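Note sheet for the following structure.
The first residue in the sequence is number 1, and the count goes up from there. All values derive from a computational prediction rather than experimental measurement. Because only heavy atoms are used, hydrogens play no part in the values below, and waters and symmetry mates are left out as well, while side chains stay in.
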Amino acid sequence: MSRDDALAWIAPLTDLVLRAGAAILAIDRTGQVDHKADGSPVTAADLAADRVIAEGLAQIAPDLPTLSEERCTQGRPQARSFFVIDPLDGTKEYVAGRDEFTVNLALISDGEPLLGIVGAPALGVVWRGLVGHGAERLTVTPDGASYTTAAIRTRPLPPPGQPWTVAISRSHLDDETLGFIAARPGAVKAQMGSALKFGRIAEGAADIYPRMSPTCEWDIAAGAAVVIAAGGKVTDRHGAPLRFDVPRPNFIVPNFIAWGDPSAAP
C-alpha cells in the first residue's frame, strides 16, 4: 500500500467516520445493553456504526480486508494491507452518558499503522493522520455537514522536574500504570475515556499515554497511526514499536505506551 494511495482515501474515510458517528448519535443510548462472551458491553449503536463502516469500505476499498471488533471471528487478515476498526470505542462511557467515545478506523500496511482516523462525534472533533504526511484536528459543525482543519503535532516532553501531562483511562486504570506514572515525578493526570487520549497526545495537549494492562488491537490501531503521523511514537513497555502483524490470542495487546516525544521512549 503506497502512501499516495492512502492519501487519496483520507477524505472518503473521514466522511465514513463522520457518518458512523452520526449513526451512533441517532440512537437512544438508554436502550438495551448486551454483553459479549468476554463480558464487554455491546449496544445497537456499536452495531449500527459497524454497518455504516462495513458498507462504506466495500465501496471505497473493496479489495482490502477488515478486522472489526464486531466481526473478528475469522482471524487476522493475511493481506499486507488491511483496515482495523472499532466502530464505537468507549462503550462504557457511551452507556454511562458521557461524551468520551470514539469511532476508530486504521489502515495497516506491512504490520505498521499507516493511516488513522479517530472521530469523537459527541464532541464534534476528529483527529486524523497519515504517517509520513502529517496529522490534523478537524472541528466539525453541529450538523456534521462540514469541518475545518488544523495541522497538529506532538510536543517535546518537559525537562525533568517540570510538570508533564499523562493521559490516563477513566475506566481501566491499573497498579502497573500508576507505578509507571509514579516513577516520573511531576505528572499532571488528565483522565478521559476511549481513544481521545491518543488525540490529546497527537495535538500536543498531553505528553504520554501509558497502559500496562491488556487491550485490543482495534482500540489502539487508529490512535497509534495518528500519534505517529503527528511526530510521536507508540511502543510496548520495553520500547519496541507496536506492530499489527504478530500472533496475539484474541487480538489482545498486553501493554503499550504512546509517547508524544519519541526521544522520551526507551
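Between the side chain of Asn250 and the main chain of Ile252, no donor-acceptor pair closer than 3.5 Å is present. Distance alone, capped at 3.5 Å, places no donor-acceptor pair between the Lys197 side chain and the Ser169 backbone. Judged by distance alone, with hydrogens and angles left aside, the side-chain atoms of Thr154 form a donor-acceptor pair with the main-chain N or O of Gly260 at under 3.5 Å. Although no hydrogens or angles enter the test, the distance criterion places a donor-acceptor pair under 3.5 Å between the side chain of Thr177 and the main chain of Met212. Of the possible polar contacts, none joining the Asp207 side chain to the Trp164 backbone as a donor-acceptor pair under 3.5 Å is found. Without hydrogens or angle criteria, Arg76 side chain to Val246 main chain gives a donor-acceptor distance under 3.5 Å. Formation of a donor-acceptor pair under 3.5 Å by the Arg200 side chain with backbone atoms of Glu203 is not found in this model. Under the 3.5 Å distance criterion, the side-chain polar atoms of Ser194 are matched with a main-chain donor or acceptor of Glu100. Here the side chain of Thr43 pairs a donor or acceptor atom with the backbone of Ala45 at under 3.5 angstrom. Distance alone, capped at 3.5 Å, places no donor-acceptor pair between the Thr102 side chain and the Asn104 backbone.
Rounded to the nearest 0.5 Å, atoms CD1 (Ile152) and CD1 (Ile201) are 11.0 Å apart. The line from CG of Asp86 to CG of Asp50 is 9.5 Å long, rounded to the nearest 0.5 Å. Taking NZ from Lys92 and CZ from Arg98, the interatomic distance works out to 10.5 Å, rounded to the nearest 0.5 Å. Once rounded to the nearest 0.5 Å, the distance linking CD1 of Ile108 with CZ of Arg80 reads 14.0 Å. Within the model, atoms CZ of Arg128 and CG of Leu105 stand 12.5 Å from one another, a figure rounded to the nearest 0.5 Å. In this structure, the separation between CZ on Arg29 and OG1 on Thr91 is 11.0 Å, given to the nearest 0.5 Å.
Phe180 and Trp259 have perpendicular rings, their planes meeting at more than 60° on a 0 to 90° scale where under 30° would count as parallel.
Taking the centre of each ring, Trp127 and Phe198 stay at or above the 6.0 Å mark.
One side chain, Asp143 or Thr141, offers a donor N or O that lies under 3.5 Å from an acceptor on the other.
Side-chain heavy atoms closer than 4.5 Å link hydrophobic residues (I, L, V, M, F, W, Y) into clusters, and following such links, possibly through other members, connects Leu242 to Val84. A single hydrophobic cluster is not seen to contain both Leu18 and Val226; linkage of ILVMFWY side chains at heavy-atom distances under 4.5 Å, directly or through other members, places them apart. Ile27 and Ile53 end up in the same hydrophobic cluster when Ile, Leu, Val, Met, Phe, Trp and Tyr side chains are linked at under 4.5 Å. Met192 and Val103 are not part of a single hydrophobic cluster, where members link through side-chain heavy atoms under 4.5 Å apart.
Asp219 approaches Ala195 most closely through the heavy-atom pair O-CB, 4.3 Å. Taking both residues in full, the closest heavy atoms of Leu16 and Gly56 are given as CD1-CA, 3.6 Å, listed atom of the first, atom of the second, then distance. The shortest non-hydrogen separation linking Leu130 to Ala6 is CD1-CB, 3.7 Å. The heavy-atom pair separating Pro210 from Val166 by the smallest distance is CD-CG2, 3.4 Å. Considering all non-hydrogen atoms of both residues, Arg155 and Ala206 come closest at NH2-CA, 4.0 Å. When all heavy atoms of Ala230 and Ala202 are compared, the closest pair comes out as CB-O, 3.5 Å.
Using a 4.5 Å cut-off on side-chain heavy atoms (C-beta onward), Glu69 and Cys216 make no contact. Arg211 is not listed as a side-chain neighbour of Val253, based on a closest heavy-atom distance of 4.5 Å or more. At least one side-chain heavy atom of Val42 sits under 4.5 Å from a side-chain heavy atom of Leu47. Annotation: side chain of Phe83 is in contact with side chain of Leu107 (closest heavy-atom distance under 4.5 Å). Leu67 is not listed as a side-chain neighbour of Phe244, based on a closest heavy-atom distance of 4.5 Å or more. Between Leu196 and Leu123 the shortest side-chain heavy-atom distance falls below 4.5 Å. Considering only heavy atoms from C-beta on, Tyr147 stays 4.5 Å or farther from Val126 through its side chain. The shortest side-chain heavy-atom distance between Leu57 and Leu64 does not fall under the 4.5 Å cut-off.
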Can you list, pair by pair, the side-chain donor-acceptor contacts under 3.5 Å of residues 111-121, counting residues two or more places apart and other chains?
from, atom 1, to, atom 2, distance (Å)
Glu112, OE2, Arg243, NH1, 3.3

